[in-house]
Amino acid sequence: MYNPSRIPEAIAEYHAELTAIRRDIHAHPEHAYKETRTAGLVAERLRAYGADEVHAGIGGTGIVGVIRGSRPGGRAIGLRADMDCLAMNEETGLPWASTRGGFMHACGHDGHTTMLLGAARYLAKTRNFAGTVYVVFQPAEEGQAGAKAMMDDGLFTRFPMQAIYGLHNAPWVPRGSIAVRNGAMMAAADRLEILIEGRGGHGGMPQFVADPVLAAGHVITAIQSIVSRNVDPCDSAVVSICAMEAGKMDTYNVIPRTVKLIGTVRTYRKEVQALVEEKLALVVGNTAAAFGCTGRVEFIRGYPATINHPREAALAAEVGRALFGEANVITEINPNTGGEDFAFFLEAIPGAYIWVGQKSETSVGLHHPCYDFDDRIIPTGAGLLAAITEKELA
Ligand SMILES: [Zn+2]
Ligand SMILES: [Zn+2]
């Protein structure tokens with residue numbers, strides 16, 4: 001009798017090989033659109049596992065593997081992993097630590113790539129489904145929209161699919177559990193640039209200047225009213241100013257002509273995003289004007305919010321329950337204010353993004369110099385992706 005709960009067990013048979021692959025990728029991290037070694041390894045493994053087709057160079061360094069089921073079927077789905085690392089130094093001291101200074105797999109994309117390879121190996125061997133599964137390995141998730149690059153390069157026209165699934169390790173979800181919810185999983189991440197222009201001059205004679213530093217101080221305070229006074233209390237948003245440039249540190253008596261502020265805005269709903277953008281222009285412009293300055297806002301849209309589709313989120317949860325038990329599937333969880341470029345896929349076609357828990361006594365947060373992907377969850381994530389495929393393409 002068909003029993004999907006056996007799938008992680010079956011994948012655990014090659015846990016040792018997958019762990020070796022994960023640590024090899026970890027030791028050789030590659031940054032956005034430069035994932036050539038990783039992509040080469042992925043393509044080589046997919047061929048060795050018996051994928052029917054392997055396509056390279058999609059959206060830069062992206063790879064798509066094609067695996068057809070043993071039964072005919074018109075339906076196709078995609079499974080996605082990200083391959084890129086972060087530009088930061090590793091401090092884990094592990095034997096498989098990064099061999100490339102300034103680069104590190106601090107978000108676990110080495111683990112995601114490995115888990116998708118594990119799923120591909122199982123699916124290519126068993127082919128217990130009808131139709132086609134595309135395994136999508138994307139470049140440049142960290143801030144450079146590799147998912148969009150693959151779409152712009154024809155991902156969904158060359159490989160038409162009715163749904164797509166992706167996962168991310170989650171150090172805030174207990175190991176052994178997965179978390180998936182209908183609706184927002186991750187926020188829209190937009191960039192904010194504010195330029196306040198006044199009339200600089202002598203620091204000792206402020207009556208002759210229009211001081212952009214004073215105006216910037218009021219702007220920073222005033223824009224915090226947007227979340228507290230304009231956004232509906234039942235919605236949520238973040239407005240953060242993270243950097244400021246004004247004058248020169250070796251010049252104590254000159255009021256500068258301009259001040260530049262840089263920050264980020266996080267929202268889940270398009271209406272809230274539009275409201276924050278509109279209020280920012282108003283508050284910045286009018287506050288600056290009150291001090292005789294001008295204030296201009298550039299609102300640069302980054303990744304959209306990652307919004308799971310109801311059917312696919314429910315299917316992922318159902319598969320998770322069959323694999324890991326009712327208690328290990330969390331659907332009541334808050335979305336996260338990080339950004340994720342899987343959002344572009346979910347704007348184009350239905351799908352779901354799932355967190356695979358790796359929280360333990362020693363776990364460290366994502367993007368931390370001491371972070372490492374937990375190899376114990378490889379069969380969990382790989383098994384989930386494989387079981388979703390068998391369910392979707394039953
Ligand atoms: Zn990250
Ligand atoms: Zn990540």
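Just follow the structure's listing: the first ligand is 1, and inside any ligand the first atom is 1. The figures that follow rest on heavy atoms only: side chains count, while hydrogens, waters and symmetry mates do not.
Using modelled atom types, one finds a donor on one side chain and an acceptor on the other under 3.5 Å when comparing H367 with E142. One side chain, Q138 or D341, offers a donor N or O that lies under 3.5 Å from an acceptor on the other.
Between the NE2 atom of H367 and the SG atom of C107, the angle centred on the Zn ion (ligand 1) amounts to 110° when rounded to 10°.
With rounding to the nearest 0.5 angstrom, the CG atom of L280 is 4.0 Å from the CD1 atom of I226.
Nearest N/O/S atom of E142 with respect to the Zn ion (ligand 1) is recorded as OE2. Taking the N/O/S atoms of H109 in turn, the shortest distance to the Zn ion (ligand 2) belongs to NE2.
By the 4.0 Å N-to-carboxylate-O rule, D372 lies close enough to R22 to be salt-bridged with it.
Among the atoms of H112, no N, O or S atom is found under 2.8 Å from the Zn ion (ligand 2).
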